[in-house]
Student: 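Can you read through this structure? Questions will come right after.
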Amino acid sequence: MNLFEQQANEFLPRHIGPNEHFTGQMLRTIGVKSMDELIDKTVPATIRMKKPLNIPEAMSEYDYLKHMKEISLKNKLFANYIGQGYYDTITPSVILRNVFENPGWYTQYTPYQAEISQGRLESLLNYQTMVSELTALPIANASLLDEATAAAEAMTMFFNTLNKQDHIERPKFFVDKEIFPQTIDVLYTRAIPVGIEIVEGDYKSATIDASYFGAIVQYPNNKGSIEDYRDFIHTVHNAGAFVVMATDLLALTLLTPPGELGADVAVGSAQRFGVPLGYGGPHAAFFAAKDDFKRNIPGRIIGISIDAHGNRALRMALQTREQHIKREKATSNICTAQALLANMAAMYAVYHGPHGLKNIARRIALLTQTVADSIEERGFELTADNFFDTIVVKTDDITSIKAKAEKQLINLRYIDKHHIGISLDETTDVGDLYDLINCFENDVDPVAFDIQQEAELSHIPSALSRSSAFLTHPVFNIHHSESQMMRYIKQLENKDLSLNTSMISLGSCTMKLNAATEMMPLSWTHWSKIHPFAPENQAAGYKYIIDELSRYLCEITAFDACSLQPNSGAQGEYAGLLTIRGFHEANGDHHRKVMLIPISAHGTNPASAVMAGMKVVVVKALENGYIDVVDLKAKATEHSANLAGIMITYPSTYGVYEETVKEITDIIHQHGGQVYMDGANMNAQVGLTAPGLIGADVCHLNLHKTFAIPHGGGGPGMGPICVKKHLAPHLPGHIIIKNGKNAVSAAPYGSTSILLISYGYIRLLGSAGVKAATEYAILNANYMRARLDGAFDILYLGTNGTCAHEFIVDLRPFKKSAEVEAEDVAKRLIDYGFHAPTMSFPVPGTIMIEPTESEDKAELDRFCDALLSIREEIKAIEDGKEDKKDNALKNAPHTQLTVTADEWKHPYSRQTAAFPLYYVTQNKFWPSVARVNNTHGDRNLICTCEPVESYMEVDA
Ligand SMILES: Cc1ncc(COP(=O)(O)O)c(C=O)c1O
C-alpha cells in the first residue's frame, strides 16, 4: 500500500483490535495457518459469497468528516412550525456534551447487570418518576420507540386483558379523528393482523357500547385544541372499556393531567425534553398506566430493591420486565427501546426542574397566544379557542401564505387546502414572531404586535388548568447550576461500566467500537434540526444517506429492496413478517398463518409472529444445536397448506453456521412458505455470505449491533429490513412522505439521524474493511474459545470444531461440583473489571461470549485470564479448599465499602476479593452496590423515586 492508500485505509486498524503480529499468534493458538484457513473451516463453502461487495472503498476519517459536512449542507435549515408530535428544542449543552456525546453514557448496555448499572438505572427511574408525575398515573416504563407505537402498545395491551370470547364480542377500538395521522396509521397496521376493528370518529358524538374494548384521544389534539375528555372517559368506562390519552409532557406542566381526568393510560413522546429532531429520531416515547396494568406494561420498568447488605439498589423489575420473554404468550415484542434518549429527557427535567419546565411551557403558550391574537386581528379565523402551543388557521389562500413563508425560510403545517397549522416550541423567541405573523400580513403594513409578559394564558381553560404539584422530589430541585448538573451526570456515569472501561462481550449483542468519527455529525445542526415532515426538498442530504445506505444494505444482504423504518430489531421482525403476510394475502392465501420458529430463537421472534397475526409452531434442535431437519420436515408437511414460513437466525443463536441451512430454506419454499432471517448475527456474515445466499426472502439488520450504532444503555436501535423483489410491494409505507400505508413507526425512516453512524461505518471501512471486520470477529471468538477450551466445556461447535463470532460456555456442571451458579460467575467477573457475557440465552446455565472484532489481543487475554482464574476459584471449592457458602464467587461483587470495612470475616482475603489478578490493580472498577436482591424488589414493587419523607431521618 502506498502512502495515500494507507491514509485512506487508516480506519481499519483503528476499528479492528488485533494487529498483524498478534493475528499470527492468535491463528497459531487456534491451530490454523491463516485467516483464510480459519474462515474456510468455519463458513460452509456452499453459501460463501463469491465476489467482493460492490460498495465504495474506504475513506480516511478526515475525508469522511469533510464529506459529511458537504452532504449536510444539502439539508436546508428552516424555522419549523410543523409540530405534529415533533418540536424543536434546546438541548442543554451540559447534557449534550456529558450524555449525548459521551461514550460513558452512549456505549452502555441494557442494565441486566444491575450492580454495574446503578447510574443509568437511577436516571431511568428519574424518567419514570417524571412521566408518572406529569401524567398523574402511578406507573411508567422506560421507555418505548415512538409515540405512535406507544399508542399501538396501549391498544394491544387493553385488547390482551380480555379473554378470547371478549375478543369476539368486544373487537372495537375507538380512534378520535383528531389523533396525529401517523399514529392512526400505525394503529391500523397493528390492529388488522390481530383482529382489532378500528372505528374512527368524533369523540363528542361517538356511541361507545359493549362492543368496544378501548378508545384513544389526544390532549392537546392534532389541531392543538385542548378538549375536556372527562365525560367521554366516563362513558367509555361505563361501557367496560379503557381509555388511552396521547399527550404532551410540556403541556402537562400547565394542564390537568390525564390521570386526574380518569384516563387509564397516557402515551406520548419525550422528544421536546432536549432531544434533537434528527429528521425523525431517535426519541423516547413514554407509557404510563394505572396500577392495574403493571403486569402487562410493555418495555422495561426500573424498580427499587436492596442489595446483599440491605442498601438501596435499583434493577429492572423482573415481574414486569420485557413481555417478549413470554415468547408467543407475550403481548408486546419491545426489546431495545430508547434508553439513552429517555436519560437525556430525564436529565432535561432534572436540570430545569418543575419551575423551569413550567416557565418554558408558559413562554411557549404566551407566544402562541400572541401569534393567535395577531393573526385573528388580521381577519383570520382559528379552529379552536383553547390551545397550548398549536393553532390552526382557516384560509382560502394557502398558496400565497406558503410562498411568503418559504421566502422567509419558514415551515408551516399545510393540513389541507383550507387549514394551516402553526406549532411553537422552546426555540421560538419574540423576534421570530415578526416573520411568522408576516406570513399572514398584507405586503404593505409593517408587522406589529403586543406581548405582555404577565398576561393571563387566556386560551388555557380554567377547568383544565393544572393545580397539582409535580417533580417535587429533591433530584428535580437541586441540580440547577451547571457545576452541580455536570457532577450529577458524572457521578451516575461513574457507577456504570461501559465500553470506555473494558470489553462487553455480550453474545448476540455485538458490542463493537462506536467510533467517535461515526458519531460526530449527529450533533451538527444540519442533521439535528430537520423536522421529519419537512418538505423532501429540504432534506436532500438525508435523502442521499438514505439512498446510499439502502443500496449498501441490499448489497450486503444480497436482497433487492430495503425499508429503514423499523426502530429496533424486534420492530424489524414485525415489519418483515408483515411483508410475508402481505405477500400471502396478495396471492389469495389468507390462510397461510403458521410460522415455524426454532426452539433456540430469541423471545422477540415468537412475540413478533403473534403480533403479525401468525400461529407459532416450535421446531426442535438437535444435541449439536442444529435445527432438527427431521422435525422441521414433519412440521412443514403437517402445516403445508397453512404454512406462512419460518424464522431462522443465522449463524444460529448457538453460534454455528449450520451446513443444513439451504436444505431448511428449500423445504420451506417447497411448502409455499417464506423464510425470515433474524439478522442479529449479521456480524458473522458481512462479506462472507448473505441472507440472500442462504435462501432467505427477508431479514432485519440490527444496525445497533453489526453496523456500529451504540446501544445507549438499551436503545436507540435501528432494525431496517431488506427483502427480495417479490416482497418489496409489501414494505412499510408512510402517510406523510411516502404516500403509503402500513407504517410501523411514526417517522418515515425511523430514527433517521442515527443512520449516519451506520453509513459512516461502511464508508470508513469500505468494501474490504467490512469483510475484514467479519473475519476478525470470527478470529477473536475462536481465539478465546481456544484459550478457554479444556478449562470449560464449550458447547455447539461447527463440523471442523470452530465457532462463529460467538460461543457458549457451559457453567451447569459447577452447580453440582461446587454449588456455583452462572450468576455467581457473572457477578464475580465484575470484581475482575468485566461485564458478564450474555447469561442463560439461548441455554439456561451458560454464558455466551461475543468479543467482536474491535477488541485487541491484550483485552481478550485479560478476559480469558479472568475466566480461567475464576475456574481456579471454582476448583478450590470443588477440592474443599474454599467454603461452599462463603467464598469470593458467592459474595461477588465486592464493593469498596465492604473491602475497606474495619470488619472482614470471610475465609478469603480482601485482596482476593477486590484485586484477584495484577491487571485489576491498574484499572479497578468498583461496583457501587453489592449483589442485588431481585425477589425483594419484585415483592415490593416501587418504580418511581421514593417520596421525600423516606429520606428523612427518623428521630430516635
Ligand atoms: C437474536 C436476536 N433477535 C432479535 C433481537 C431483538 O432486537 P432488538 O433488541 O433490537 O429489538 C435480539 C436482541 O438482542 C437478538 O439477540
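As the structure lists them, so they are numbered: ligands from 1, and atoms in each ligand from 1.
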Student: Consider side chain to side chain donor-acceptor pair (under 3.5 Å). Of Glu573, His602, His700, Gln571, which one does Ser608 pass it with?
Tutor: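 Exactly one option meets the side chain to side chain donor-acceptor pair (under 3.5 Å) with Ser608, and it is Glu573.
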
Student: Check whether any heavy atom of His704 sits under 4.0 Å from an atom of ligand 1.
Tutor: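 Yes.
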
Student: In terms of relative ring orientation, are Phe834 and Phe863 parallel, tilted or perpendicular, with 30° and 60° separating the classes?
Tutor: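 Because their plane-to-plane angle is over 60°, the rings of Phe834 and Phe863 count as perpendicular.
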
Student: Any idea which atoms of ligand 1 are less than 4.0 Å away from a heavy-atom of Glu573?
Tutor: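 Listed by number with element: 3 (N), 4 (C).
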
Student: Give a yes or no on whether Ile599 atom CD1 has more than 12 heavy-atom contacts from other residues, nucleotides or ligands under 6.0 Å away.
Tutor: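 It does not: Ile599 CD1 has 12 such atoms or fewer within range.
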
Student: Considering only the protein, which heavy-atom contact is closest to atom 16 (O) of ligand 1, and what is its distance?
Tutor: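 Nearest neighbour among protein heavy atoms for atom 16 (O) of ligand 1, to 0.1 Å: Ser508 OG, 2.6 Å.
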
Student: Distance under 4.0 Å to a non-hydrogen atom of Lys705: what atoms of ligand 1 satisfy this?
Tutor: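 Counting from 1, the qualifying ligand atoms are 12 (C), 13 (C), 14 (O), 15 (C), 16 (O).
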
Student: Return yes if a side-chain donor-acceptor contact under 3.5 Å exists between Thr774 and Gln685, otherwise no.
Tutor: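 Short answer, no.
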
Student: Would you call Arg190-Glu153 a salt bridge at under 4.0 Å N-O?
Tutor: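 The answer is yes: the pair qualifies as a salt bridge.
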
Student: Will you find, in the side chains of Asn782 and Thr802, an N or O donor that is under 3.5 Å from an N or O acceptor?
Tutor: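 Thr802 and Asn782 do not have a side-chain donor-acceptor pair below 3.5 Å.
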
Student: For ligand 1, note which part of Ala570 has a heavy atom under 4.0 Å away: side chain, backbone, both or neither.
Tutor: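 Answer for Ala570: both.
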
Student: Looking at atom 6 (C) of ligand 1, what's its closest protein heavy atom, distance included?
Tutor: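 Heavy-atom neighbour on the protein nearest atom 6 (C) of ligand 1: Thr604 OG1, 3.8 Å.
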
Student: For atom 3 (N) of ligand 1, which protein heavy atom lies nearest, and how many Å away is it?
Tutor: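 Minimum-distance protein heavy atom for atom 3 (N) of ligand 1 reads Asp678 OD2, 2.5 Å.
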
Student: Taking both backbone and side-chain atoms of Asn702, is any N or O found less than 3.5 Å from an N or O belonging to ligand 1?
Tutor: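 Indeed, backbone or side chain, Asn702 has an N or O that close.
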
Student: Around atom 1 (C) of ligand 1, find the nearest protein heavy atom and jot down its residue, atom name and distance.
Tutor: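 Nearest protein contact, heavy atoms only, for atom 1 (C) of ligand 1 is Ala680 CB, 3.4 Å.
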
Student: Quick one about Lys512 and Asn683 (side-chain donor to acceptor, distance below 3.5 Å, no hydrogens or angles considered), yes or no?
Tutor: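 There is such a pair (donor and acceptor under 3.5 Å, judged by atom type) between the side chains of Asn683 and Lys512.
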
Student: Distance to 0.1 Å, residue and atom name: give those for the protein heavy atom nearest to atom 9 (O) of ligand 1.
Tutor: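 Ranking protein heavy atoms by distance from atom 9 (O) of ligand 1, first comes Thr336 OG1, 2.6 Å.
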
Student: Please walk me through it: do Ser498 and Asn500 pass side chain to side chain donor-acceptor pair (under 3.5 Å)?
Tutor: CA-CA 5 Å; Ser498 49; Asn500 64 1; 2.9 Å; yes

Student: Provide the number and element of each atom of ligand 1 under 4.0 Å from a heavy atom of Cys335.
Tutor: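 Near Cys335, the atoms of ligand 1 are 9 (O), 11 (O).
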
Student: Out of Gly569, Ala607, Gly603, Pro842, who gets a non-hydrogen atom closest to atom 10 (O) of ligand 1?
Tutor: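 Minimum heavy-atom distance to atom 10 (O) of ligand 1 goes to Gly569.
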
